[in-house]
**Student:** 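Dropping the structure in here first, questions after.
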Amino acid sequence: MIAARILIVEDDRIVARDIQHQLSRMGHVVVGMSASGEEAVRLACSQQPDLVLMDIRLEGEMDGIEAARRIRDAHRIPIVFLTAYANDEIVHRASLTEPFGYLLKPFEEPQMRTVIQMALYKHASDTRLRISERRYAATLASIRDGVILCNRDGRVDFMNKAAETMTGWTAAEAAGLPLSSVFVAVDEETHEPLEDFSALVLRSGDFAPPERQSRLLPRGGDASPGLSAGIVVEERCSAIIDDRGEPVGSILVFRDLTQRRQIAEALRTAQADLAHIGRLTMMGELAAAVAHEVNQPLMAIVTNAGTCLQHLSQPQPDLDKSRMMVRRIVRDAQRAGDVVRSIRALARRTPVDPGWVDMSALIADTLELVRAELRRARVTVETDLQAGPPWVHGDRVQLQQLVLNLVINAIEAMASTPATANPAERRLRIATGSENGWFSVRVEDSGPGIAEADVDAIFRALYTTKPDGLGMGLSISRSIVELHGGRLTATPGMPGGSVFEFVLPVSPGGQ
C-alpha cells in the first residue's frame with residue numbers, strides 16, 4: 001500500500017473525523033482538515049499534500065469543484081471528490097477538473113482504501129508521463145532539424161522551434177491544420193507540387209522512400225517555375241504505430257540543406273584551388289629541378305667549349321685535344337638531355353630505362369665527372385666500394401643523378417668552410433656495402449654539418465640553407481631513392497660534418 005499525506009475538505013465535522021480515523025488506520029497521514037473551499041486552497045498551498053479528499057458541496061462562496069480546479073491549476077495535486085448526490089451538471093463541472101476518483105457517501109473503509117490507492121497510483125503514473133513528455137519536448141525543441149508530428153488524419157499535433165522557423169508557422173497556428181497546408185513541398189528542379197510525405201508514408205508503408213529532397217516554400221510562397229523562393233530540405237518521415245500495429249500518426253523530420261550545400265561548394269572550390277596551386281607548385285619544382293640538374297653538364301659544356309677554342313686559336317691548333325673537348329661537349333650535352341628525360345620520368349613516378357646497375361662502378365664514374373670540382377675545392381676523396389654483385393635494379397641516369405647530387409652537396413658544404421693548408425680538412429668519403437637484401441651507399445663530408453632541426457627539412461623542395469641554392473638537389477635525391485623502393489637519411493657526422501646514407505633493394509647475381 002502507498003502511504004500518503006492527505007488533506008480532508010469536508011464541512012461535516014463528524015464525517016471529517018470519521019474519515020480521519022479511517023485514514024490513520026490505513027497508515028496515511030492527515031496534514032489538515034478544512035470545511036471551506038478558500039481554506040482548502042490555502043492549506044493545499046502550504047502543506048503540499050499528496051492527495052485531497054474534496055467534498056463537492058461546501059459552505060461559503062467557493063464550492064469543492066472550484067477549489068479543486070484552483071488546486072489542480074496551481075499545484076497539480078490529485079483530487080478525489082466526496083459526494084452524496086450529483087446531477088448531470090455537477091458531474092460535468094467536476095469532470096472538467098480531471099479528478100482522480102469519486103467516493104459516494106456513505107462509503108465503507110475498503111471502498112475508500114481502493115479509491116485512494118488507485119488515485120495515488122494514477123497520479124504517480126501521470127507524473128512520470130509528464131516528466132517523459134517534458135524530456136521528449138525538450139529534446140525535440142533542442143535539435144536543429146525541424147520536427148512535425150501529425151495525427152492519423154494528417155493534421156499537425158506538434159512542431160518544434162526549428163520547424164516553426166523553416167515553415168513560418170507557429171505551433172499554435174499550425175495545430176489542427178493539414179500538414180500539406182503548413183509544409184508545402186515542391187520538386188527542387190521543376191517546382192511541381194509534391195505529395196504530402198506523411199500521407200505517402202501512411203499509404204505506402206514499407207514501400208515509401210526513406211527520404212527525399214524537396215524545396216520547402218515559405219508561408220504563402222509561390223511555386224511557379226523559375227522562382228528560387230524557399231529552402232532545399234531533406235525530408236524523412238515515419239509512421240507512428242500503436243500497440244495493435246495500426247498507424248496512429250506520423251513524424252516528419254526535415255533538415256535545411258542550404259548550409260551543407262554551401263559548405264560542399266566551398267569545399268569543391270577549395271579543392272580545385274588547391275589542385276591548381278599544386279599543379280603550379282609542381283611546375284615550379286620541376287622547373288627548379290631542371291635548372292638544378294642541368295646546370296652541371298651545361299657548365300661542363302661551357303668549360304670544354306672554352307678549352308676547345310683555346311686549342312683552336314693557337315698558331316698550331318691542337319686538333320687531337322680539340323676533338324677530345326668536342327667529344328666531351330657531345331657527352332655532356334647527351335647527359336643534359338638524359339637528365340631532362342629523367343626528371344620528367346621522376347615527375348611521373350616511373351623509371352626511364354630500368355636495368356641492372358653496378359652501383360660501385362657508377363659511383364666511380366660519377367666521381368670522374370666531378371674531378372675538376374673536387375680539385376678546385378681541394379677536397380680529398382676516400383672510397384670503400386664493394387666490387388661485383390649484388391647489383392641494383394633501376395634507372396642508371398636517375399641513380400647517377402642521386403649520387404652526383406649527394407657529392408655536389410658535400411663539395412658545396414665543404415667549400416663554405418675556410419681553406420687550410422691541410423687538404424685533409426676537406427674530406428669526402430664514400431663507402432658501399434650490402435646486407436640482408438639491401439645495398440647501402442654512405443656519403444660523409446667534413447663540412448659544417450647539419451643542425452638537428454634541419455634533418456627532415458633539408459629534403460623539402462625549395463628548402464635551402466645556401467645563399468644561392470635552389471633547394472632541389474636533396475628533394476630530387478629522396479624522390480629517386482623512394483621511386484626505387486629505398487630510403488634516404490641524413491645525420492650529423494661525428495665529430496663534425498654530415499652523413500647521407502641511402503639503401504636500395506638488391507638482386508644477387510647481377511644481370
Side-chain angles (χ1 to χ4, degrees), residues 1-139 141:
M1 185 188 74
I2 303 176
R5 302 169 65 255
I6 299 177
L7 171 63
I8 301 172
V9 184
E10 171 61 61
D11 58 0
D12 188 324
R13 294 186 180 276
I14 297 177
V15 174
R17 290 290 181 183
D18 182 53
I19 294 174
Q20 181 183 22
H21 292 154
Q22 292 184 56
L23 294 175
S24 297
R25 288 195 296 270
M26 296 177 195
H28 299 299
V29 176
V30 176
V31 297
M33 298 175 62
S34 172
S36 70
E38 292 82 1
E39 186 181 7
V41 173
R42 289 193 297 271
L43 285 173
C45 179
S46 62
Q47 298 297 323
Q48 291 293 310
D50 299 321
L51 179 70
V52 176
L53 296 179
M54 177 76 72
D55 188 8
I56 290 180
R57 290 184 172 275
L58 296 174
E59 296 178 355
E61 296 182 359
M62 186 184 299
D63 63 2
I65 295 176
E66 178 61 21
R69 185 188 65 78
R70 295 190 182 186
I71 292 172
R72 183 207 62 184
D73 293 345
H75 308 291
R76 303 199 69 85
I77 298 172
I79 307 292
V80 172
F81 282 123
L82 309 176
T83 183
Y85 57 90
N87 56 31
D88 292 342
E89 180 186 354
I90 292 177
V91 170
H92 176 70
R93 285 184 58 223
S95 299
L96 297 179
T97 65
E98 300 177 357
F100 282 72
Y102 292 89
L103 279 171
L104 297 177
K105 302 176 184 178
F107 46 81
E108 301 293 331
E109 184 174 321
Q111 181 185 1
M112 183 168 64
R113 182 194 305 271
T114 300
V115 171
I116 290 175
Q117 290 301 311
M118 291 181 65
L120 292 173
Y121 181 80
K122 184 175 183 296
H123 177 65
S125 298
D126 287 354
T127 300
R128 289 193 297 270
L129 180 60
R130 283 197 302 274
I131 293 174
S132 177
E133 289 176 344
R134 288 170 184 166
R135 290 173 179 168
Y136 169 71
T139 300

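As a basis for the values below, the full set of heavy atoms in this structure was taken, side chains included, without hydrogen atoms, waters or symmetry mates. All values reported here derive from a predicted model rather than from experimental measurement. The residues of the chain are indexed from 1 along the displayed sequence.
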**Student:** Report the distance from atom NE2 of His21 to atom CZ of Arg17, rounding to the nearest 0.5 Å.
**Tutor:** 6.5 Å
**Student:** Ser34 and Ala40: which non-hydrogen atoms are nearest, and at how many Å?
**Tutor:** OG-N, 3.3 Å
**Student:** Would you find a donor on one side and an acceptor on the other, under 3.5 Å apart, between the side chain of Thr114 and the backbone of Pro110?
**Tutor:** yes
**Student:** So, taking the atom named CG in Leu23 and the one named CD1 in Ile8, what distance separates them when rounded to the nearest 0.5 Å?
**Tutor:** 5.0 Å
**Student:** How would you list, by chain and number, every residue that makes a salt bridge (Lys or Arg N to Asp or Glu O under 4.0 Å) with Glu109, sequence neighbours excluded?
**Tutor:** Arg25, Arg113
**Student:** Would you say the side chain of Phe100 lies within less than 4.5 Å of the side chain of Asp126, judging by non-hydrogen atoms?
**Tutor:** yes
**Student:** If you look at every heavy atom in Gln111 and Leu104, which pair is closest and at what distance?
**Tutor:** NE2-N, 4.4 Å
**Student:** Taking atom CZ of Arg130 as the centre, does the number of heavy atoms from other residues, nucleotides or ligands within less than 6.0 Å exceed 12?
**Tutor:** yes
**Student:** Indicate yes or no: does Lys105 engage Glu10 in a salt bridge with an N to O separation below 4.0 Å.
**Tutor:** yes
**Student:** Looking at Ala4 and Asp50, what are the two nearest heavy atoms and their distance?
**Tutor:** CA-OD2, 3.6 Å
**Student:** Would you say that Arg70 contacts Met62 through its side chain, given a criterion of any heavy-atom pair below 4.5 Å between the two side chains?
**Tutor:** yes
**Student:** Holding to salt bridge (Lys or Arg N to Asp or Glu O under 4.0 Å), I want the full list of residues that pass it with Arg93, two or more places apart in sequence or in another chain.
**Tutor:** Asp63
**Student:** Is there a side-chain contact between Leu7 and Leu53 (heavy atoms, below 4.5 Å)?
**Tutor:** no
**Student:** Measuring only between side-chain heavy atoms, which start at C-beta, is Val80 closer than 4.5 Å to Val52?
**Tutor:** no
**Student:** To the nearest 0.5 Å, what is the distance between NE2 on His123 and OG1 on Thr127?
**Tutor:** 3.5 Å
**Student:** When you look at CG of Leu129, are more than 12 heavy atoms from neighbouring residues, nucleotides or ligands closer to it than 6.0 Å?
**Tutor:** yes
**Student:** Determine whether Arg5 and His28 make a side-chain contact, defined as any pair of heavy atoms from C-beta on separated by less than 4.5 Å.
**Tutor:** no
**Student:** Got a second to check how far Leu103's CG is from Asp55's CG, nearest 0.5 Å?
**Tutor:** 11.0 Å
**Student:** If I compare all heavy atoms of Val9 with all of Ser36, which pair ends up nearest, and what's the gap?
**Tutor:** CG1-O, 4.1 Å
**Student:** Counting C-beta onward and ignoring hydrogens, is there a side-chain heavy-atom pair between Tyr102 and Leu82 closer than 4.5 Å?
**Tutor:** no
**Student:** For Leu51 and Ile77: C-alpha separation, side-chain torsions, deciding distance, then whether side chain to side chain contact (heavy atoms under 4.5 Å, CB included) applies.
**Tutor:** CA-CA 6 Å; Leu51 179 70; Ile77 298 172; 5.7 Å; no
**Student:** Would the distance check show the side chain of Gln48 and the main-chain N or O of Cys45 forming a donor-acceptor pair, the cut-off being under 3.5 Å?
**Tutor:** yes
**Student:** Are Pro78 and Lys122 packed together at the side-chain level, in the sense that at least one heavy-atom pair is separated by less than 4.5 angstrom?
**Tutor:** no
**Student:** Taking atom CD1 of Ile6 and atom OG of Ser24, what is their separation to the nearest 0.5 Å?
**Tutor:** 9.5 Å
**Student:** Gly37 and Leu58: which non-hydrogen atoms are nearest, and at how many Å?
**Tutor:** N-CD1, 3.7 Å
**Student:** So does Arg69 pair up with Glu66, basic N to acidic O under 4.0 Å?
**Tutor:** yes
**Student:** Tell me whether the count of non-hydrogen atoms from other residues, nucleotides or ligands lying under 6.0 Å of NE2 in His92 goes above 12.
**Tutor:** no
**Student:** Please examine the side chains of Thr97 and Ile79, heavy atoms only from C-beta on, and report whether any two atoms are closer than 4.5 Å.
**Tutor:** no
**Student:** Starting from the C-alpha separation in whole Å, work towards a yes-or-no answer on side chain to side chain contact (heavy atoms under 4.5 Å, CB included) for Ile19 and Phe107.
**Tutor:** CA-CA 10 Å; Ile19 294 174; Phe107 46 81; 3.9 Å; yes
**Student:** Could you tell me which non-hydrogen atom of Gln20 sits nearest to which non-hydrogen atom of Met33, and how far apart they are?
**Tutor:** OE1-SD, 3.5 Å
